[in-house]
Amino acid sequence: MKRIGVLTSGGDCPGLNAVLRGVVRAATNLNWEVIGFHDGFEGLLPEGGDFVPLTNARTAGIMQLGGTILGTTSKGHFITKVGDGSNRTHVPPAVIEKTKRTLADLRIEALICIGGDGSLTTAQQLHEAGIPVIGVPKTIDNDLEATAMTFGFDSAVACVADALDRLHTTASSHKRIMVIEVMGRHAGWIALYGGLAGGADIILIPEIPFEHERVAEAVRKRDAEGCLSTLIVVAEGAGEKGGREHFRATATEGEYQLGGIGNIVSNEVARRTGKDTRTCVLGHLQRGGDPTTLDRILGTRFGVRAVELIAEGKFGDMVSYQNYEVSSVPIAAAVHRIKLVSPDSQMVQTCRAVGISFGD
Ligand code: F6P
């Protein structure tokens, strides 16, 4: 009987449990055992490992639950992305040796690492050190290269659209400008898709630097048309032309925390238009809660495919969603840079065609 390991690493997102259930079901069909490590890669470090055996019974009924039954962390000994995200570090050799020992002691023949850009960079380093790993791309940000979509993204977009629906009614009652700051780190995917789905009037994303005066102009134009309330979606990584990203906290371990641009936009719009503005920072609501049906399906397909990749011996590969099929690519192809919104993409053009301003 083969024994494999699985872990969830980095920021959590809806759909992680669907992947775990998919892995366990597919592995059980092959008569393999599955060991789930707690709190990401950290579970590999305590003497004997910190883990739980995962069975069909243990994973029954979890597909529709948000979060991860294994726990996760974006801190610890395996961090490879630090600061503003442009710096990469290396997992210390002693930590890699300890990882190898745990896997050997537990007779684990392959390790499925479910994570985003940073966690998959770690997975790639473990692969280069000779550990048989398979990657599964996870992040609400949808910023991973070499896959058309990550699971978790659709759930985050649904959360933004729901929030916009709610803000719409109060904005229109008070004839106000509502600014909603959403996640996405250095990429504007959540703002772009969530904004379009929720009927935003202005969307500000990192890939299209904006000018406060252009944003104010768009508000005035709407007023002149008789639309007295305006919904502005601002990605946390958005910035003014010639400006920079705004960080809420820089002192934590790992990557800096982005945030604050929502209030800046809100104040500038108020100052330039004389209109009443309010800011809503959606925050971790976008990461919590149940996965959408799409993320349940994508997560399950990713989990099943990860097990197939082990059976095929495709170590160092990551499952990848392309043209409605789940195939695989080298992890290295997914982590060499982040996937950004192209300013001249069809999606951006569609937004412009329905009158959405990007403040440029
Ligand atoms: O990468 C996912 C993400 O939710 C980003 O969109 C956000 O900037 C960050 O993680 C928040 O991380 P934390 O949970 O550490 O606050």
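Read the numbers this way: they start at 1 and go in the same order the structure lists the ligands and their atoms. Nothing fancy with the numbering, it's 1 onward along the sequence.
When side chains are defined from C-beta on, Thr277 does not count as touching Val265, because their heavy atoms never get closer than 4.5 Å. Contact of the Asp290 side chain with the Pro14 side chain is not registered, since no non-hydrogen atoms from C-beta on lie closer than 4.5 Å.
Heavy-atom contacts of His284 reach the following atoms of ligand 1: 13 (P), 14 (O), 16 (O) (cutoff under 4.0 Å). Every atom of ligand 1 with a heavy atom of Gly184 under 4.0 Å away is listed here by number and element: 6 (O).
Ring centers of Tyr321 and Phe151: at least 6.0 Å apart, outside the cut-off.
For Ile140, every heavy-atom contact with ligand 1 shorter than 4.0 Å involves the side chain, none the backbone. Here Glu236 has side-chain heavy atoms under 4.0 Å from ligand 1, and that is the only part of it that gets that close.
In terms of protein heavy-atom proximity, atom 4 (O) of ligand 1 is closest to Arg287 NH1, 2.8 Å. Scanning the protein heavy atoms around atom 2 (C) of ligand 1, the nearest turns out to be Asp141 OD2, 3.3 Å. In this structure, the protein non-hydrogen atom closest to atom 15 (O) of ligand 1 is Ser74 OG, 4.3 Å. Of the protein's non-hydrogen atoms, the one nearest atom 9 (C) of ligand 1 is Arg185 NH2, 3.5 Å.
By the 4.0 Å heavy-atom criterion, Glu255 is excluded from the residues contacting ligand 1.
Ion pairing of Glu255 with Lys75 is absent here, as no side-chain N (NZ or NE/NH1/NH2) approaches a carboxylate O to less than 4.0 Å.
The neighbour count for Gln349 CD, taken as heavy atoms of other residues, nucleotides or ligands under 6.0 Å away, is above 12. Counting non-hydrogen atoms of other residues, nucleotides and ligands closer than 6.0 Å to NE2 of His77 gives a total of 12 or fewer.
Two different hydrophobic clusters hold Val24 and Val304 under the rule that ILVMFWY side chains link at heavy-atom gaps under 4.5 Å.
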